[in-house]
Amino acid sequence: MKLLQDMISPHLEHLLSAKGVKKGTWESMLQPSREASQGDLTLPCFPFASVLRMAPQAIADELAASFPPLDALLSVSSVNGYLNFKAHPEWLTNAILSGEIYVGNALENSGKTGERVLLEHTSANPNGPFHVGRARNAILGDTLVRLHRLHGDDVRAEYYVDDMGKQVGVLAWALENLGKEDVENLLSEREPPSERWADKADHQRVRWYQAAQLLRNDADEARKSEIEKEIGQLVHASEHGDVGVLESFESAYSPVLDGMLTTLSRLGISFDTFTKESTFVVNGTVSELMKTLDSLEISGTADNGAGYLDLGQRGLKGKTEFFYRRGDGSSLYATRDVAYHMWKWGESNRLVNVLGEDHKLQAKQVGMTLEELGQQRPNVLFYSFIKLPEGKMSTRRGNVVFMDDLLEEAHAQASAVVRELRPEYDDEKVAQIAEAVGAAAVRFNIIKVSPEKGFTFRWEEALAFEAGSAPFIMYAHTRACSIARRVVGLPVSELERPTVESMPEGLVELLRLMCTHNDVIERSVREQKAHLFALHMLELANAYNGFYRDCPVVQNDKVDSFAFSISEMARELMRSGLEGLGITPIEEM
RNA sequence: GGGCGUGUAGCACAGCUGGAUAAUGCAUCGGCCUCCUAAGCCGAAGAUCGCGGGUUCGAAUCCUGCCACGCCCGCCA
């Protein structure tokens, strides 16, 4: 609780420096209490024992006894060598009602902090529909975009479009060379495509991609080498910046990308800018870059003329050679990525990338190369893959859960719940609620766990609508909305602030949590841990439910002005917080 | 073989810049709708923090060895 910390730090400094303990040695130790019942902030006194030659307990006792009384403090206590500070609920009330808690807006750039962040995420190859595995990147990335905005940074969400190279080449070749019948014959043993998505280009065209991949593996040798030759020529041309080929690639992948973006938009995910990988080949920055790399001290050349950097000289372990140019002179994906990053640094003063854990080595190589060129490394958030109970997901093998299907299923399940719980709602209302709840449940299920943890996708978990899920938070928010509606037109009491003695537990808990709200956003953004904020939102909703239980806002058709003010503030925080998680804060459910 | 990551109640997951009785949800057991939406609230039970050693006043957290799982180690993207 930074609010409280700012109040007590000067006094602690005064007391401790008189004893010869410097600020640097204790400042970082003043932390939120692990035991919430003991207080809001705690200073463990054990480390001072040897310096002061006193027992920790005695130090804590002495500090507690000599700490000056402050409006901000309800109590200072000493327990087992810990110095505990408890915030005064009346002071917390004052902080909240006087607007010291920043509500923020997750949907717009405010420029409050002056930070300009370029956040690249998703950037999936446009060769087929989004599956749940790929979606972790998009959900993680979009949530970080929103949290940065909530924090007050200016953010640009960017999609790096892989518009050249083999994957797109295969798709373009297939669309050019295979008829619908060829494709269906080749894929006759696969599950047929879902009727539901028959009109969606990503679902259509991925069949061509899959068919081509099958052919490349299973055709007779003559046909195989012919196909490889044709695809190879396309890929080669694209990598040398052949504009005609790049245009044909674009017309192959564009409808697929559009389909993928349609899926993402249903999850509330959108991008500000799209940058094509080929840009840096066509405009010459990649070949410029390769020349610069050639001149570096750690640069080397292989027998066939390929260029690499020996990153082992800079401490990289394992495979130390990082190739940036092929023997034929063309660039590699990573080379273009370096050029892309140099461009990005010109656009912004902070870079964040969201990448799958399979890109760790690559990202390290790109980062080290940037440093070698006198540039900074970007911040990278890595995540582990989502698996199915049957194993790894793969578009190629067709072992996937499509995001489109998951969202449809989530909508259907949510719809069933709403119909059962609220039989009085009409179809339109049910559909609107089900859409918000379904998408929220899917997002939250992924965002609430820390990214480095691999997890297995299970339908029953993704579609749980109970405590610990998005609907739980949404529900607390609708309660606050319901109160706000109820209050309209009723007589309102004078605003009378209760004293500590008359504050029920549920109110105090809510006040404390609201006063940590901004701290959690700050930390989530700084450490790139969206799950911390997700868990905080669960706690906030839980605390609101406690307040709802203990503090009736409307009683005997009269409005308690104080309770209503707190409820409204909590409603605002829940609304903006839900938006920060990419959840639509609906007013009824 | 080398590098990186993960291992916490039956299941899932938080805590990992060392600090108190390891937090939360599901599942289990019990209680609460004449009262602002019960998708809720209150309570009970449930944990050798993968295993062994070390550092420390104090270790889930740091170091080290081992075990299990995941990802990577292409002049692919």
Side-chain angles (χ1 to χ4, degrees), chain A residues 28-29 31 33-38 42-47 49-50 55-56 79-82 84 125 162 164-169 235 277 302 304-308 316-321 323-328 330 332-334 336-337 356-362 364 382 384-385 387 392 414 417-418 420-422 437 445 448-450 452-456 458 460-461 464-476 478-487 490 506 527 531-532 534-535 538-539 541-542 545-546 548-555 559 563-564 567 588-589:
Chain A
S28 64
M29 286 163 44
Q31 287 171 347
S33 310
R34 301 263 166 151
E35 293 296 318
S37 60
Q38 295 287 0
T42 292
L43 182 72
C45 296
F46 307 94
S50 59
V79 182
N80 301 329
Y82 294 91
N84 294 319
N125 279 319
D162 199 346
M164 53 189 292
K166 194 153 272 176
Q167 301 234 27
V168 199
V235 172
E277 189 182 342
N304 65 353
Y308 64 88
L316 184 69
K317 292 189 182 137
K319 201 213 166 211
T320 61
E321 290 169 338
F323 280 88
Y324 58 84
R325 189 183 54 227
R326 293 199 185 92
D328 72 356
S330 64
L332 286 120
Y333 176 82
R336 290 166 235 142
D337 206 21
E357 61 179 340
D358 55 337
H359 281 66
K360 274 187 182 176
L361 176 59
Q362 164 104 55
K364 192 162 200 173
F382 294 104
S384 295
F385 294 115
K387 287 176 302 193
K392 208 175 142 180
V417 174
V418 181
E420 192 187 323
L421 261 29
R422 312 277 182 258
V437 169
N445 183 245
K448 74 175 176 189
V449 313
S450 52
E452 67 274 11
K453 198 94 84 180
F455 82 65
T456 303
R458 292 188 178 86
E460 60 276 22
E461 280 168 24
F465 298 142
E466 298 141 324
S469 72
F472 175 84
I473 310 170
M474 298 170 86
Y475 185 69
T478 63
R479 279 180 152 173
C481 291
S482 161
I483 288 174
R485 282 194 302 272
R486 177 98 202 271
V487 159
L490 293 178
E527 299 181 16
H531 68 281
L532 293 181
L535 297 168
L538 283 176
E539 284 178 36
N542 189 41
N545 284 333
Y548 181 89
R549 176 194 69 221
D550 291 346
C551 295
V553 172
V554 178
Q555 239 177 346
V559 179
F564 182 52
S567 177
E588 287 176 280
M589 63 187 278

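Within every chain, numbering begins at 1; the chains are lettered A, B, ... in the order of the sequence lines, protein sequences first and strands thereafter. Scope of the values below: all heavy atoms of this structure, side chains included, with no hydrogens, waters or symmetry mates. Since this is a predicted model, take the numbers as computed values, not measurements.
- For the C1' atoms, the distance from B/rG10 to B/rU28 is 10 Å, rounded to whole Å.
- Atom CE of A/M29 is separated from atom P of B/rG19 by 11 Å (rounded to the nearest Å).
- Counting non-hydrogen atoms under 4.0 angstrom, A/Y82 reaches a base of the nucleic acid.
- Under 4.0 angstrom from either OP1 or OP2 of B/rC41 there lies no side-chain N or O belonging to A/R479.
- Between the side chain of A/R422 and the backbone N or O of A/M589, at least one donor-acceptor pair lies under 3.5 Å.
- We find that CZ of A/F455 is positioned 12 Å from P of B/rA12, with the value rounded to whole Å.
- By the stacking rule of 5.5 Å between ring centres and under 30° between planes, A/F46 stacks on the base of B/rG19.
- The phosphate of B/rG15 has OP1 or OP2 within less than 4.0 Å of a side-chain N or O from A/H531.
- Under 4.0 angstrom from either OP1 or OP2 of B/rC11 there lies no side-chain N or O belonging to A/R458.
- Applying the salt bridge (charged side-chain N to carboxylate O under 4.0 Å, His left out) criterion to A/E460, with sequence neighbours excluded, gives no partner residue.
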Write down the protein N/O and nucleotide N/O pairs, taken from nucleotides 5-7 of chain B, whose separation is under 3.5 Å; answer none if there are no such pairs.
unit_1	atom_1	unit_2	atom_2	d
B/rG7	OP1	A/K453	NZ	2.9

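- Nucleotides B/rC49 and B/rA23 place their C1' atoms 13 Å apart, quoted to the nearest Å.
- At a cut-off of 3.5 angstrom, counting only N and O atoms as typed in the model, there is no donor on one side facing an acceptor on the other between the side-chain of A/T478 and the base of B/rA39.
- Residue-to-nucleotide proximity on RNA chain B shows that, of A/S28 and A/A414, the 5′-proximal contact is made by A/S28.
- Taking only side-chain nitrogens and oxygens, A/Y548 comes nearer than 4.0 Å to OP1 or OP2 of B/rA38.
- In this structure, A/N80 reaches neither bases nor backbone, as no heavy-atom distance under 4.0 Å exists between it and the strands shown.
- Nucleotides B/rU6 and B/rC63 have their P atoms positioned 11 Å apart, rounded to a whole Å.
- When the C1' atom is used for both B/rA38 and B/rC33, the distance is 7 Å, rounded to whole Å.
- For A/L532, whose side chain is taken as the heavy atoms from C-beta onward, the closest listed nucleotide among B/rA39, B/rG15, B/rC75 is B/rG15.
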Base-pair map of RNA chain B as dot-bracket, where | denotes pairing with a different strand and pairs are Watson-Crick or G-U under 3.5 Å: (((((((..(((......[....))).(((((.......))))).....(((((..]....))))))))))))....
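- Between B/rA20 and A/S33, no contact under 4.0 Å exists linking OP1 or OP2 to a side-chain N or O.
- Applying the salt bridge (charged side-chain N to carboxylate O under 4.0 Å, His left out) test to A/R486 and every residue at least two apart in sequence or in another chain returns A/D557.
- Spacing between atom CD of A/E321 and atom P of B/rC72 amounts to 21 Å, rounded to whole angstrom units.
- Contact annotation for A/V418: base contact, defined as any heavy-atom pair under 4.0 Å involving a base atom.
- Heavy atoms of A/V449 sit under 4.0 angstrom from primed sugar atoms or phosphate atoms, though from no base atom.
- Taking only side-chain nitrogens and oxygens, A/R549 comes nearer than 4.0 Å to OP1 or OP2 of B/rC42.
- Protein atom CD of A/E588 is 14 Å distant from nucleotide atom P of B/rA38, rounded to whole Å.
- Here A/Q38 pairs with A/E35, A/V79, A/N84 under the side-chain contact (heavy atoms from CB on, under 4.5 Å) rule; sequence neighbours left out.
- Atom CD of A/Q362 is separated from atom C1' of B/rC76 by 10 Å (rounded to the nearest Å).
- Remark: A/F564 pairs with no residue by the ring pair (Phe, Tyr, Trp, His ring centres under 6.0 Å) rule, at least two apart or across chains.
- Considering only residues two or more places apart in sequence or on other chains, A/F465 meets the ring pair (Phe, Tyr, Trp, His ring centres under 6.0 Å) condition with none of them.
- Remark: the A/N304 side chain and the B/rC75 base include a donor-acceptor N/O pair separated by less than 3.5 Å.
- Among the protein residues, A/P47 comes within range of the nucleic acid bases, having at least one heavy atom under 4.0 Å from a base atom.
- When side chains are defined from C-beta on, A/V437 counts as touching A/M474, because their heavy atoms get closer than 4.5 Å.
- Checked against side-chain contact (heavy atoms from CB on, under 4.5 Å), A/A541 has the following partners two or more places apart in sequence or in another chain: A/F472, A/I473, A/A476.
- Nucleotides B/rG7 and B/rC16 have their P atoms positioned 12 Å apart, rounded to a whole Å.
- Every residue two or more places apart in sequence or in another chain that forms a side-chain contact (heavy atoms from CB on, under 4.5 Å) with A/P56 is listed here: A/F46, A/A49.
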Sub-3.5 Å pairs of nitrogen or oxygen atoms, protein against nucleotides 23-30 of chain B:
unit_1	atom_1	unit_2	atom_2	d
B/rG25	O2'	A/A467	O	2.9

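- For the C1' atoms, the distance linking B/rA77 with B/rC62 amounts to 38 Å, nearest Å.
- The glycosidic torsion of B/rC67 lies more than 90° away from 0, placing the base in the anti range.
- Summary of the strand contacts: A/D550 and A/Q38 both lie near RNA chain B, and taking for each the nucleotide with the nearest heavy atom, the more 5' one is attributed to A/Q38.
- Residue side chain A/N545 does not reach the base of B/rA39 through any donor-acceptor N/O pair under 3.5 Å, judged by distance alone.
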Short heteroatom pairs, N/O only, protein and nucleotides 58-61 of chain B, under 3.5 Å:
unit_1	atom_1	unit_2	atom_2	d
B/rA60	N6	A/R34	NH1	3.1

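- Atom name C1', nucleotides B/rA47 and B/rU8: the rounded distance is 8 Å, in whole Å.
- For A/R325, the salt bridge (charged side-chain N to carboxylate O under 4.0 Å, His left out) partners at least two apart in sequence or on another chain are A/D294.
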Worked check of side chain to side chain contact (heavy atoms under 4.5 Å, CB included) between A/E461 and A/F455: CA-CA 11 Å; A/E461 280 168 24; A/F455 82 65; 6.0 Å; no
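- Taking atom P on both B/rA39 and B/rU34, the two are 15 Å apart, rounded to the nearest angstrom.
- Within 4.0 Å (heavy atoms only), A/C551 reaches at least one base atom of the nucleic acid.
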